Structure formats: C-alpha cells, structure tokens
Amino acid sequence: MSLPMVVVTRRLPPKAWNALTAHARVVCWESDCPVTHEWLLEHISEADGLYCLLTDQIDQDVLRVGARLRVVSTMSVGYDHIDIPLCTARSIPVGYTPGILTETTADLAFALLLAAARRIVEGADYVRQGQWVEWKPDLLLGQDIYGATLGIVGFGRIGQAVARRAQGFQMNVLAVRSPGQDREARERSVVNENHDDGSNWSPVTFVDLHTALRESDFVSLHVPLTVRTQHLIGDPELRIMKRSSILINTARGAVVDPAALYHALQQKTIGGAALDVTEPEPLPASHPLLTLQNCLVIPHLGSASTATRSRMADMAVENMIAGLRGDRLPHCVNPEVYSS
Ligand code: DGY
C-alpha cells in the first residue's frame, strides 16, 4: 500500500523527520525562509497531511486546493494562522502543541521583564560602545521588580507559569482572564494547572483589564489572538497605564496596536515595552518602534530553546501520524470534528 503524502513547510529535527518519514512520503520546503504561498499551492493538491509553522497562512486558498487534506498539524501552540472554522467545516482535525512550551515561554516573558526593568540591553550596548569609562550613581537607573505589581492579561497555562515566577520575586499579581473563555473552562484550567504541576503558588487577585492596567508596574500579555483580542491594548488602554509601567508582549503582535504603542512610548506616557512579538512580523529594521530607547524588541523567541523546539516538532509529528491513521489527534484544536 502506498504511503500517504505530507507537505512539510520547514526541515524537521532528525527524530521528528525519521518518525514522520516512517509513516508518510514527505514533500518538504527546503529553504530556511518561510514557505511561499505559491509553493504551498503547487504541492498541497496531492497532500493527505500538512505540517506547518506559525509563519504559514493556512487560508481558504490552501484549504481549497488541498482538497485531499485529512489532517493539519502546526508546530505551535498558537493557531491564528489557520482558518480553523473552515478546517472544522471540512472535518479536518488540526493539531497543535499545547503545554510543552509553557515554561520556556514564561521564562522568556520574565527575561524580558527583567531586561526592560533593569535596562540590561542598554547597559550591554553602553559597554560595547566603549562608553563605560567611570561608575556613576545615576547611570541607567531602572525599576525594582521585587515587590512590584504585575498584571497578567490572559491567565491560561503561560500566564499562570509567569505568575509562579513572579511569586519568587514577591510580586503582587493581578490576573485578567482571557476574553472569550467561558467561566467554567477558565476556572477548570486554573485549578488543573495548579494541581497538575504540584506547585503551591498562592492565588492571585483576579481583576478586570482596566484595573490591571491602572494598578500594575508591569503588564504581561498572554491571550491568544482572536477577533476579541486583536488590538486589545490600544490607545485608551495605554492611557490608563502608569507613566512608569512596562508592557511585555510574548503572545501575538496584533494584540497590541503598534501605532498607539509607538505614540505612548514616544510621548513617555508609559515607561517602556519589551516585545517578543510584533505587528507586522518580522518587524522591518526601519520601523519607528525601533527608534525608541524605551522599546526592546526580540524576534519571536518565546519557545526558542533547543529542547522545547525539538519536543514541539515531535508533538506535531505525533498529531500528524494520528491524523493520517484516522485516529483522534492527541492535541486537537477542533475536537468537534469527531462528534459530527
Ligand atoms: C507558538 O507556538 O505559538 C509560539 O508563539 C512559538 O513561540
């Protein structure tokens, strides 16, 4: 019997590659740049499965041409790049990689918080540029983290992992639940996370978005990108924040309105921003945000540890193989495809 065909939009680590090629004939985009839409459309018509990344737009065109698709598997926890309603309407299960990148992404969010608060990157640049010729009592003064108030917007797995780190700094945590999650699911996820990982962090204070923005010294974003969270942080929200407050975004760039953020940073109505994700992405080197001293931008590195990226590829392949076999995906975005 011939093997099913899978289109893969980036080279895989050896373990994931070997597992996938034992079950499928793979057509792989070999370049280090994101796959082009043209290449995808050219190869997807014969594919039973599609293994993709968050940089690939899996839109109506791809799904229409990919008429044989039985499974889509993304190597990411976010799935805003995939037309999920259309996949569901076509009964195509979509796999994703929840859980395994939680701690790595929370580490990065906290690293950004520390770096922005204590002006680490500015300090490193200062030394590298040969400006460190004397110690000064007022050089690159930053903000204290210990005992400060942290607003966590979106209290799913990653938001909760950031809260656990904040506890080590004795921060006062104000949590805002993600818009769009129903109450029961939200509470279940909080309880489960608490018990599953055996941690014993104290409950945080749940508040509404405006209270968190008004009272926090740091605001860290952890909501998925949906129609309800697009530009969740815009001009009115930035105006509520303290003049000293630092905004951290490791969620999705489009959760923040970039023009409003530029204005707030340039006018210094907030203290700073540390962004792992931007709109657009990649952020062009000429983008106005990069002219600002109080804005730190890094290139979407949230889950970028060797171990985590390798586990994500393995999990995405597990989802793919299950889908090709007609089994239920272990991690499925749209499990409702199994009830119809
Ligand atoms: C994801 O998996 O969605 C993350 O953004 C990757 O870092």
Side-chain angles (χ1 to χ4, degrees), residues 8-13 16 32-35 50-59 72-84 87 93-113 115 152-162 165 178 180-181 189 193 220-230 232-233 247-256 258 273-283 296-320 329-334:
V8 175
T9 63
R10 196 67 63 96
R11 283 192 294 269
L12 302 180
D32 251 357
C33 306
V35 68
L50 169 62
Y51 177 111
C52 61
L53 306 184
L54 57 84
T55 42
D56 312 328
Q57 289 308 312
I58 310 306
D59 57 14
V72 172
S73 178
T74 181
M75 196 201 87
S76 59
V77 69
Y79 44 82
D80 47 279
H81 54 297
I82 302 173
D83 189 333
I84 300 294
C87 287
V94 178
Y96 70 139
T97 64
I100 44 175
L101 48 81
T102 300
E103 303 299 336
T104 307
T105 307
D107 285 347
L108 197 273
F110 225 84
L112 284 176
L113 188 157
I152 299 181
V153 180
F155 208 61
R157 291 183 210 85
I158 299 172
Q160 291 171 52
V162 170
R165 284 154 180 75
S178 298
Q181 279 185 277
S189 88
E193 283 289 326
S220 190
L221 304 177
H222 300 286
V223 290
L225 177 62
T226 66
V227 280
R228 299 185 64 176
T229 61
Q230 184 161 22
L232 180 71
I233 306 298
L247 180 71
I248 298 119
N249 191 4
T250 54
R252 282 291 182 264
V255 173
V256 179
L275 312 173
D276 181 41
V277 288
T278 55
E279 183 188 45
E281 207 168 284
L283 198 67
L296 169 60
V297 183
I298 58 169
H300 203 146
L301 298 176
S303 61
S305 75
T306 310
T308 293
R309 285 284 163 84
S310 157
R311 280 199 292 267
M312 289 165 74
D314 292 345
M315 188 183 268
V317 166
E318 277 167 39
N319 282 329
M320 174 58 68
L329 308 195
H331 303 281
C332 188
V333 172
N334 53 350

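Numbering of ligands and ligand atoms starts at 1, following listing order. Just so it is clear, the structure is predicted and the values come from calculations on it, not from any experiment.
In terms of polar-atom proximity, defined here as any N/O pair under 3.5 Å, T97 makes no such contact with ligand 1. Here's the thing with G78: one of its N/O atoms is less than 3.5 angstrom from an N/O atom of ligand 1. Taking only nitrogen or oxygen atoms, main chain and side chain alike, S76 does not reach within less than 3.5 Å of ligand 1.
The heavy-atom pair separating M320 from Y51 by the smallest distance is CE-N, 3.7 Å. Across all their heavy atoms, A109 and V162 have their closest contact at CB-CG2, 4.0 Å.
Considering T55, D56, I58 in turn, D56 is the only one that fulfils the side chain to side chain contact (heavy atoms under 4.5 Å, CB included) rule with T9. In summary, of the residues considered (D276, V255, L275, I158), a side chain to side chain contact (heavy atoms under 4.5 Å, CB included) with L221 occurs for V255 alone.
Close contacts between ligand 1 and M312 involve ligand atoms 2 (O) [criterion: under 4.0 Å to a heavy atom]. Distances below 4.0 Å separate heavy atoms of H300 from the following atoms of ligand 1: 4 (C), 5 (O), 6 (C), 7 (O). Of all atoms in ligand 1, listed by their number and element, those nearer than 4.0 Å to a heavy atom of S303 are 6 (C), 7 (O). Close approach of ligand 1 to L101 is summarised as follows: ligand atoms under 4.0 Å from at least one heavy atom of the residue are 2 (O). Under a 4.0 Å criterion applied to the non-hydrogen atoms of V77, ligand 1 contributes the atoms 1 (C), 2 (O), 3 (O).
Under 4.0 Å is where a charged nitrogen must lie from a carboxylate oxygen, and between R311 and E318 no such pair does.
Taking a 4.0 Å cut-off on heavy atoms, M75 fails to register as neighbouring ligand 1.
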**Request:** Could you go through the side chain to side chain contact (heavy atoms under 4.5 Å, CB included) check for C52 and I82 one step at a time?
**Result:** CA-CA 9 Å; C52 61; I82 302 173; 4.2 Å; yes
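At least one donor-acceptor pair under 3.5 Å links the side chain of S305 to the backbone N or O of T308.
Here the protein heavy atom with the shortest distance to atom 3 (O) of ligand 1 is R252 NH2, 2.7 Å.
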